[in-house]
**Q** 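First the structure, then my questions, so here it is.
The chains referred to below are lettered A, B, ... by the order of the sequence lines, with proteins before strands, and numbering in each begins at 1.
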Amino acid sequence: MMTAGADIAENVLELARRRGFIWHSYEIYGGVAGFYDYGPLGTLLKRNIENAFRNLYVIDEGFYEIETPNISPKDVFAASHHLECFADEVVRCERCGSFFKRDDISKCECGGTLVFAGSFNLMFRTHIGVQTTAAGSRGEAYLRPETAQGIFVDFPRLLKFNRDKLPFGIIQIGKAFRNEISPRQSLIRLREFTLAEAEIFVEPSQKNCHPRFDEVRDRMLRLLPASSSDNEVSEKSHSASTSSESASATNTAQSSTAEHSSAEEISISVGEAVEKGIISHQYLGYYIAKTHEFLTSIGIPAHRLRFRQHRKDEMAHYASDCWDAEFLSMKYGWIEIVGIADRGDYDLSAHASHSNQNMSVYISDTAKKTRKKVIPHVIEPSYGIDRIIYAVLECAYHEENVGKDIRRVLKLKKHIAPITAAVLPLLNREELKNKAKEVFNILRSNNIFAVYDESGSIGRRYRRQDEIGTPFCITIDHETLENSTVTVRYRDTMDQIRIHIDEILNFLRREAVGDECACERDEMND
RNA sequence: GCGUCGAUGGUCUAGCGGUAUGACUUGGGCCUUCCAAGCCCACAGCCCGGGUUCGAAUCCCGGUCGACGCACCA
């Protein structure tokens, strides 16, 4: 008998805690809300997912990765408007307890009087150098709330690095910090979290000409477009002069409670969606499709993914269009795991004017013998790695009835599993243990991350590996001593095959790459 | 941030005024020729601070953390 979906999700969190994937931070001091540690296995999983992101964006897309500081001086966020858009003075109605942003309202609807309730700044403020006074002083600095600004401020350097040509993309994987008012739901809302972001700089007139669009044209997606009534913006052109108005759009967001939009979900190919103007151009469509490819490749089944377009009033201050990849969690419902935004020239223009530096690019048209100066537009896929890890864990977790027991198994894709293989002597006998250690040494000297385990019955050891998602168990038995063959047990099916020791390396390399995962079938709460 | 409820070994749990129950896990041993078997041994716990009391895991207050609802989520 399977437990209900939410209980399953509860169980996967319990497993993740017990087996060293994720731990609430600072537990010995009572814990601090919004902070989580990745334990030994969680860190391996996270690295593997980050590397999958790199494989897609660095190796396949040819983008370079950079690394910029977590701490930025005030200037950066003054320019980007995060300072004004992330900080709110909040008032509270004494009678009904409702909160309002201070500037929005002078009297509560219920007639109660409003009192100052505090200043909520989503950015963590800190100080560079000797501390004088707090806000407004010289060394005032902030922990970045997104990694993107580090890329934008390096734009002149990056443009030179790319020999003055567009388009090009840059990625960054790193920590971002937001002092959420009430972080909740484990990895879903953190105060310190990992973002993997790509910033693609493109000539504005070329946004509908992605050179590789044909490769993704036929990919089918579930889309939830903002309905046109809430959203006359779909091609709001984003010049620097329109930037201030998008900031004020956020001020009204609080009045319209949740009800997302009346738009219908549609299933459509990327090519068609772009042609019909549902997705406003090829660049956005291409990275939506790439994101879909990425998420399914790490084990999130397509039927639990959709892309939802932001309404105008929920868009971030810098965005002119935005689609979220949403994951259908058994516990939390639809949650955003990736945002793919068209930031227009908002950021580069903002930094150009605040820094007095040139952020434009000269585009030559050799046919017409003309040259023009443009500020590139930015397309930004922004991946919330922690939420993706939660999604991957929830999708991978299965409870199966085996005899009287429940087998708990993480059917992680092989290339992201923390441990590739376990080497196990069938019995606790010297000759088997010695042989098993030999095999183990072969693996580790060939850069395959394996573990050796001789403790407990063989069944128990298999189950241990099942719980942490190890795809293969290699067992050494008496036959190994006779003919140098071992058994390889598949995690997902528990089937075993027998292969020669000399073939183990090739077997693992082949299997770990090929990967048609057995976890496509997926029981939602039906 | 507000409201309701809660917090006991690594995990789950019993106890609800006399310093703690059981299971699982883990470690060691015996046994064992493939799926959490069995037997023996061992490790390990009352969220933090204050108060009431002869005595607090238990009652009271404050805090922290968590779940849910509201608000927030740029």
**Q** How long is the straight-line distance from OG1 of A:Thr420 back to CD of A:Glu511, given to the nearest 0.5 Å?
**A** 12.0 Å
**Q** Rounded to the nearest 0.5 Å, how far does CZ of A:Arg461 lie from CG of A:Leu424?
**A** 5.5 Å
**Q** Let me know, please, whether A:Asp477 or A:Ser182 comes out on the 5' side of the other along RNA chain B by nearest nucleotide.
**A** A:Asp477
**Q** Whole angstroms only, please: what is the CH2-P distance between A:Trp23 and B:rG66?
**A** 18 Å
**Q** Looking only at the side chain of A:Met494 (C-beta and beyond, no hydrogens), which of the listed nucleotides B:rG66, B:rU33, B:rC35 gets closest?
**A** B:rC35
**Q** Does the cation-pi check pass for A:Arg489 over A:Tyr462, that is, NZ or CZ under 6.0 Å from the six-membered ring centre and within 45° of its axis?
**A** yes
**Q** I'd like the P distance from B:rC60 over to B:rC16, given in whole Å.
**A** 15 Å
**Q** Measuring only the P atom in each nucleotide, how far is B:rG29 from B:rA23? A whole number of Å is fine.
**A** 23 Å
**Q** Please classify the nucleic acid contact of A:Asp466 as base, sugar-phosphate, or nothing, using heavy-atom distances under 4.0 Å.
**A** nothing
**Q** Whole Å only: how far is the CG atom of A:Asp313 from the C1' atom of B:rC73?
**A** 14 Å
**Q** Are A:Arg304 and A:Phe327 in a cation-pi setup, meaning NZ or CZ lies under 6.0 angstrom from the ring centre and within 45 degrees of the ring axis?
**A** no
**Q** Can you tell me how far C1' in B:rU52 sits from the matching atom in B:rC61, rounded to whole Å?
**A** 11 Å
**Q** Measure from CD on A:Glu399 to C1' on B:rA36 and round the result to the nearest Å.
**A** 14 Å
**Q** For A:Tyr36 and A:Phe193, what are the C-alpha separation, side-chain angles and deciding distance, and is it a ring pair (Phe, Tyr, Trp, His ring centres under 6.0 Å)?
**A** CA-CA 9 Å; A:Tyr36 274 82; A:Phe193 56 101; over 10 Å; no
**Q** Dot-bracket, 5' to 3', for RNA chain B please: Watson-Crick or G-U pairs under 3.5 Å, [ ] where pairs cross earlier ones, | where the partner sits on another strand, dots elsewhere.
**A** (((((((..(((.....[...))).(((((.......)))))....(((((..]....))))))))))))....
**Q** Rounding to an integer number of Å, can you tell me how far A:Tyr332 OH sits from B:rG69 C1'?
**A** 16 Å
**Q** Would you measure the distance from the P atom in B:rG6 across to the matching atom in B:rG17 and give it in whole Å?
**A** 16 Å
**Q** Keeping A:Gln309 on the side-chain end and A:Ala226 on the backbone end, is there a donor-acceptor pair under 3.5 Å?
**A** yes
**Q** Under 3.5 Å, which N/O atoms of the protein pair with N/O atoms of nucleotides 48-51 of chain B?
**A**
none

**Q** Looking at B:rC35, B:rC68, B:rC34, which one has an atom nearest to any side-chain atom of A:Leu426?
**A** B:rC34
**Q** Taking A:Thr480 for the side chain and A:Thr485 for the main chain, is one N or O donor matched with an acceptor at less than 3.5 Å?
**A** yes
**Q** Can you tell me the distance, in whole Å, between the CG atom of A:Leu432 and the C1' atom of B:rU32?
**A** 12 Å
**Q** Can you tell me how far P of B:rU11 sits from CD of A:Glu10, to the nearest Å?
**A** 14 Å
**Q** Run A:Tyr490 and A:Phe472 through ring pair (Phe, Tyr, Trp, His ring centres under 6.0 Å) and show every step you take.
**A** CA-CA 5 Å; A:Tyr490 289 83; A:Phe472 303 106; 5.7 Å; yes
**Q** Measure from the side chain of A:Glu467, starting at C-beta and using heavy atoms only, and say which of B:rU11, B:rC34, B:rA36 lies closest.
**A** B:rA36
**Q** Considering only the P atoms, how many Å lie between B:rC5 and B:rC73, rounded to the nearest integer?
**A** 28 Å
**Q** Would you indicate which nucleotide in B:rC12, B:rA36, B:rU32 comes nearest to any side-chain atom of A:Arg17?
**A** B:rC12
**Q** Quick one: salt bridge (charged side-chain N to carboxylate O under 4.0 Å, His left out) partners of A:Glu431, sequence neighbours excluded?
**A** none
**Q** Can you find a donor-acceptor pair, distance only, under 3.5 Å between A:Arg407 side chain and B:rC35 base?
**A** no
**Q** Work out how far the P atom of B:rG28 is from that of B:rC43, and round it to whole angstrom.
**A** 15 Å
**Q** Below 30° counts as parallel, above 60° as perpendicular, anything between as tilted: where do the rings of A:His82 and A:Phe77 land?
**A** perpendicular
**Q** Set out, in order, the CA-CA distance, both residues' side-chain angles and the distance that settles ring pair (Phe, Tyr, Trp, His ring centres under 6.0 Å) for A:Tyr142 and A:Phe124, then state yes or no.
**A** CA-CA 6 Å; A:Tyr142 292 86; A:Phe124 287 93; over 10 Å; no
**Q** Any side-chain to backbone donor/acceptor pair from A:Thr43 onto A:Tyr38? Under 3.5 Å, distance only.
**A** yes
**Q** Let's see if you get this right: which residues in residues 183-198 of chain A place a heavy atom under 4.0 Å from RNA chain B?
**A** A:Arg184, A:Gln185, A:Arg189
**Q** With no angle test and no hydrogens, is the base of B:rC73 tied to the side chain of A:Glu180 by a donor-acceptor pair under 3.5 Å?
**A** no
**Q** Find the distance A:Phe86:CZ to B:rC72:P and express it as a whole number of Å.
**A** 16 Å
**Q** Applying the salt bridge (charged side-chain N to carboxylate O under 4.0 Å, His left out) test to A:Asp466, which of A:Arg491, A:Arg408, A:Arg407 qualifies?
**A** A:Arg407
**Q** Any side-chain N or O of A:Ser457 under 4.0 Å from OP1/OP2 of B:rA37?
**A** yes
**Q** Can you tell me how far C1' in B:rG45 sits from the matching atom in B:rC12, rounded to whole Å?
**A** 13 Å
**Q** Which residues pass the salt bridge (charged side-chain N to carboxylate O under 4.0 Å, His left out) test with A:Arg189, sequence neighbours left out?
**A** A:Glu180
**Q** For nucleotides 22-28 of chain B, give me one character per nucleotide, 5' to 3': B if any protein heavy atom sits under 4.0 Å from the base, S if the only such contacts are to the sugar-phosphate, - if neither.
**A** ---SSS-
**Q** Measuring to OP1 and OP2 of B:rG66, would you say a side-chain N or O of A:His24 lies under 4.0 angstrom away?
**A** yes
**Q** Of the nucleotides B:rC35, B:rC65, B:rA36, which has the atom closest to the A:Arg489 side chain?
**A** B:rC35
**Q** Quick one: closest heavy-atom pair of A:Lys433 and A:Leu427, and the distance?
**A** CG-O, 4.5 Å
**Q** Of the candidate nucleotides B:rC34, B:rC35, B:rU32, which contains the atom at the shortest distance from the side chain of A:Val402?
**A** B:rC35
**Q** Using the closest heavy atom to pick a nucleotide of RNA chain B for each, name whichever of A:Lys331 or A:Gly30 lands nearer the 5' end.
**A** A:Gly30
**Q** Starting from C1' on B:rC73, measure out to CD on A:Glu314 and report it in whole angstrom.
**A** 11 Å
**Q** A:His24 side chain to A:Val32 main-chain N or O, any donor-acceptor pair under 3.5 Å?
**A** yes
**Q** Roughly how far apart, to the nearest Å, are B:rC31 and B:rC39 at atom C1'?
**A** 8 Å
**Q** Check for me whether A:Arg306 meets the cation-pi criterion with A:Trp334, that is, NZ or CZ under 6.0 Å from the six-membered ring centre and within 45 degrees of the ring axis.
**A** yes
